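We number each residue from 1, following the sequence as shown. It should be emphasised that the depicted structure is a prediction, and the values quoted were computed from it without experimental measurement.
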Amino acid sequence: MSALWVVVPAHQEAARIGDTLEALAAQQDRDFHLVVVDNASEDDTARIARAFAERAPFPVHVLDERDKGVGCAVDTGFRYAIGHGATLLARTDADCLPRPGWTAAARAALQSGAGLVCGRIDARRDEHGPFGRAVFRTLVATAAFFGRVRPAHRRRHGYLAPYRMHAGNNMAITARLYEAVGGMPRRPSPTDRLFLNRVRRRTTAIVHARDMVVENSTRRLRAYGIVGTARWYLDKGPGRHGEDPR
């Protein structure tokens, strides 16, 4: 079986990372290594991850990345994993809850020939009721549609594959492809679209796996609002807002 490593970047996530780690421990496929990259946290994020490592059902590596930015943390984690034998890579975030079949779905898609796998995201059930989750799904669908029709994403700009909704907190990629595209941009969020477009210029082997599901926090949406969140993802900056709340 190919070596799967899961990377979780974390910045100031002491209040949430415990639930993420428990969700990973509850995976149906637990034949993987976990890398938690503490990204300049000043709380107990790293301590919680190390305590989990003592009882985890899989090997856990806790790294320290002092250069702030989710791109820095993800790239450090992925390159560490590759350097230690990873051939398949998956990522979620420290405020997310991968459903039990998440790692199995990631492995299956990559072993079936995908280079990059984009999973399905939903709102965390402990943050929203049915109506809130329905609104979230509508916003995600709207963002995906906008990405497909956005002129800058058209194939005439050198892309080999059509645009697909790509959430960094629910992705999987082969180690070979990750290195071939130069890795994750080492910068603060947003990085997802930049990374996806690097991959789109390299390969057509991009798939969407509906059975690879992560429930993610909507903290940014609540903090920034719809317009502010759209500005953030379009690289327009956070406007009047400060540090990314995730």
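- No cation-pi contact links R30 to F58, judged by a cut-off of 6.0 Å to the six-membered ring centre and 45° from its axis.
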What side-chain donor-acceptor pairs closer than 3.5 Å can you find for residues 17-25, not counting sequence neighbours?
unit_1, atom_1, unit_2, atom_2, d
T20, OG1, A94, O, 3.2
T20, OG1, C96, N, 3.4
T20, OG1, C96, O, 2.7
E22, OE2, R55, NH1, 3.2
E22, OE2, R55, NH2, 2.6

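- Separation of atoms CG (N216) and CG (N169) is listed at 4.5 Å; rounding is to 0.5 Å.
- Atom CE of M212 sits about 11.5 Å away from atom CD1 of I121, to the nearest 0.5 Å.
- Between V70 and H11 the shortest side-chain heavy-atom distance does not fall below 4.5 Å.
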Name every donor-acceptor pair, under 3.5 Å, that has one atom in a side chain of residues 32-42 and the other anywhere in the protein, sequence neighbours excluded.
unit_1, atom_1, unit_2, atom_2, d
H33, ND1, H61, NE2, 3.0
D38, OD1, S41, OG, 2.5
N39, OD1, G69, N, 3.0
N39, ND2, E65, O, 3.0
N39, ND2, D67, O, 2.8
S41, OG, Q12, N, 2.8

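- The side-chain contact (heavy atoms from CB on, under 4.5 Å) test applied to R202 returns L177, A180, V181, not counting sequence neighbours.
- By the 4.5 Å heavy-atom criterion applied to side chains, L97 and R125 are not counted as neighbours.
- Screening R124, R16, R99 for a salt bridge (Lys or Arg N to Asp or Glu O under 4.0 Å) with E215, the sole residue that qualifies is R99.
- D95 CG to E13 CD: the interatomic distance, rounded to the nearest 0.5 Å, is 5.0 Å.
- Looking only at side-chain heavy atoms (C-beta outward), V74 and T191 stay at 4.5 Å or farther from each other.
- A single hydrophobic cluster is not seen to contain both V7 and V213; linkage of ILVMFWY side chains at heavy-atom distances under 4.5 Å, directly or through other members, places them apart.
- Between Y178 and F78, the ring planes lie perpendicular to each other; the angle is over 60°, past the 30° to 60° tilted range.
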